[in-house]
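Contents: one structure, followed by commentary.
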Amino acid sequence: MTKTKKEKASAEAEEAAAGDGVERSYNELIANMNQIAQPLASKKLSKKLYKCVKKAAKVKNIRRGVKEVQKFINKGERGIVVLAGDTMPIDVYCHLPIMCEDKNLPYAYIPSKMDLGSSAGSKRPTCVILIKPHQDYQDAYDECVEEVSGLPKPL
C-alpha cells in the first residue's frame, strides 16, 4: 500500500515540476533535437504553427499521433504535417517525412513535443500533428503553408 502512495506522490511531483511555468528557450530546445529533424521551423514559424494548431484544435480539425496521421495521409487527406524534433527513438516516426514528400504535403519540425501537445489542447506530449484547412483560420493556415513550403528540404 505504501508503494502506491509513493508512486502517486512522485507522479504528482513530476506534474508540478512540469507545470511550474519554467519555459525553456528556443536554443535550449534545439539542443535536444534528433538528427533527422530537417527542415526545422524557425522560432517565428514555430510560434505561427503552434497558433495554427491551437486554432485547429478548437474546431477539432487536427489529426494527432503517428498512427492516426499515417492512416489519413494514406487516405489522401491534405494539410500541414508538424513533427516534434525531440522524439526518441526516431524509428517511431522516421517514415512520415517520406510519406509527406510522396503525397506532396508540406511538413516541418518544431523543437518540442510538449509544446506541440499543449498547443493541441492536451496534457500529453504529441510527436506529430496534421493540421487540416478550415474557414475559421484560413488566413493563418495559408501563411503557414506558404512558409513551410519555402523551407529547404533535406537531401
Nearest-0.5 Å distance, [atom1] of residue [X] to [atom2] of residue [Y]:
X: E68; Y: L130; atom1: CD; atom2: CG; answer: 9.0 Å
X: I80; Y: I129; atom1: CD1; atom2: CD1; answer: 11.5 Å
X: K43; Y: L45; atom1: NZ; atom2: CG; answer: 13.5 Å
X: S42; Y: E147; atom1: OG; atom2: CD; answer: 7.0 Å
X: T126; Y: K113; atom1: OG1; atom2: NZ; answer: 10.0 Å
X: I90; Y: H95; atom1: CD1; atom2: NE2; answer: 12.5 Å

Report yes if some heavy atom in the side chain of [X] is under 4.5 Å from a heavy atom in the side chain of [Y]; otherwise report no.
X: M99; Y: L96; result: yes
X: D115; Y: I110; result: no
X: L105; Y: E77; result: no

Q: Determine the interplanar angle of the Y137 and Y141 rings, folded into 0 to 90°, and report it as parallel if under 30°, tilted if 30 to 60°, perpendicular if over 60°.
A: perpendicular

Q.
Within the supplied structure, the quantity of interest is the number of heavy atoms (other residues, nucleotides, ligands) at a distance under 6.0 Å from R124 CZ; does it exceed 12?
A.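 Result for CZ/R124: open.
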
Q. Just wondering, are more than 12 heavy atoms of other shown residues or ligands nearer than 6.0 Å to NZ in K132?
A. yes

Q. Considering all heavy atoms of both residues, which atom of C52 and which atom of I131 are nearest to each other, and what is their separation?
A. SG-CG2, 4.1 Å

(Q) How close do V92 and V66 get, counting heavy atoms only, and between which atoms? (A) O-CG1, 3.7 Å

Q.
As a quick check of understanding, evaluate side chain to side chain contact (heavy atoms under 4.5 Å, CB included) for D136 and N61, giving each step before the final call.
A. CA-CA 10 Å; D136 291 354; N61 218 19; over 6 Å; no

Q. Taking a hydrophobic cluster as the set of Ile, Leu, Val, Met, Phe, Trp and Tyr residues connected by side-chain heavy atoms closer than 4.5 Å, whether directly or through intermediates, do V69 and Y109 fall within one such cluster?
A. yes

**Q.** Common cluster, I36/L116, ILVMFWY with side-chain heavy-atom separation under 4.5 Å
**A.**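 No.
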
Q) Donor-acceptor pair, S149 side chain versus E146 backbone, under 3.5 Å? A) no

(Q) Pairing donors with acceptors under 3.5 angstrom, does anything connect the side chains of Q70 and Y93? (A) no

Q. Are K47 and Y50 in a cation-pi setup, meaning NZ or CZ lies under 6.0 angstrom from the ring centre and within 45 degrees of the ring axis?
A. no

